[in-house]
Amino acid sequence: MLKGLKHRLYPTDSQKELIAKHIGCSRFVYNLALETKNTAYLGSKHNFSPFDLIKQLPNLKKECEWLKEVNSQSLQQSIQNMDIAFKKFFKGAGFPKYKSKHKGKQSFSIPQNVLVEDNKLVIPKFKKGIEIVLHREIKGTIKSATISVTPTGKYFVSILVDTNIENPIKVPIKEETTIGIDLGIKDFAVTSKGEVFENPKNLKKAQSKLKYTQRKYSKNKGKRTKKRLALIHEKVVNKRKDFLHKVSTKLIRENQTIALETLVVSNMVKNHNLAQAINDVSWSTFVTMLEYKADWYGKNILRIGTFAPSSKTCSCCGYINKELTLKDRSWTCPKCNSVLDRDVNASINIKSFALKNNLSGEHTLKNHNELPTLVGVMTYEALSPLGKG
Ligand SMILES: [Zn+2]
């Protein structure tokens, strides 16, 4: 099982300088590799593999001697990361962007030779080690690390560890231990049991402060306002992550199976009224958290498509209410007279759609980590002499 944990770093001034060099050189190589790949493709339809580009690094170093000051594995990894961005693009993500010194994450990767000893992070080119604060002992084999610096000047390292423990076997999927979740804008999440997770108030307050400072900064680009803006932004991001961690851990601990709708966020963001709200509640981060925590604890996540009419279907009788608008918080089913809370009704539907889907397909897999076999997918009818076979 791979686990990533983030720790605070306290580099010395000279180490800060060397970290800045690593970030700068990694960005430089990333952008150059992206440019080369694009040009080759547009010009001659040639598709450079990361290996083709890595082979060119020694020649590049002859031209740009300063690249020799940094860990060459970090530069190689930069090219690999560019290629990963392309693979994500072919799976539907945005086209890979050039990295900027002023925008986006400021980081570099250390793909191997990462060591933590005596509260020091020891990596190539940093032989004396960088002071690290561990809130938990690292158990397992360290695979790789990424060092980043925030706009407010804080240093962090994300360490990827192989715990050498297999993921627990998934618990069986049963109707009575499954919940459905409807992710929303008014409330963050509502479950089929009627549990409501509101968006935290302290987050809203911090966000309005952020908006105010952003407006101030756009009028007068002062250095002090910029620093303040970065600090408030960091606070908002941290509070949001904290909230998402709390809710996802609670749901995974208390339930065996969680059914969710696959949300196409990019479609909804086009609607400007919703854009901010969707951004705020960070559904995709939340779903990612649920998925990896489910793997850690041997729980199940079931997904259904976005187009299942989860809000409009009566969860009692199946009647579809075509007139339902976003404003309607509750409605009465004209067919069976049930009074339905919009979000609870949706989450009950998500649960039953997901269970139905699951029963029609994956139920033959006892362990979802296993691939189906010919014997495993055979039905009992086929085994019986009276069956169709
Ligand atoms: Zn009904």
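As the structure lists them, so they are numbered: ligands from 1, and atoms in each ligand from 1. Please read these numbers as outputs of a predicted model, since none were measured by experiment.
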Using modelled atom types only, decide if a donor and an acceptor are shared between the side chain of Asp182 and the backbone of Ser347 within a distance under 3.5 Å. no

State whether Phe48 and Lys37 meet the cation-pi test: NZ (Lys) or CZ (Arg) under 6.0 Å from the six-membered ring centroid, and within 45° of the perpendicular axis. no

For His245 and Phe286, I'd like to know if the aromatic rings sit close, meaning centre-to-centre distance below 6.0 Å. no

Is Tyr10 isolated, or which residues cluster with it under the ILVMFWY side-chain rule of less than 4.5 Å, directly or via members? Val133

Listing residue and atom name, which protein N/O/S atoms are closer to the Zn ion (ligand 1) than 2.8 Å? Cys314 SG, Cys317 SG, Cys333 SG, Cys336 SG

Which pairs, with at least one residue in residues 142-164 and sequence neighbours excluded, count as a ring-ring contact (aromatic ring centres under 6.0 Å, His included)? none

Glu69 meets the salt bridge (charged side-chain N to carboxylate O under 4.0 Å, His left out) criterion, sequence neighbours left out, with Lys21

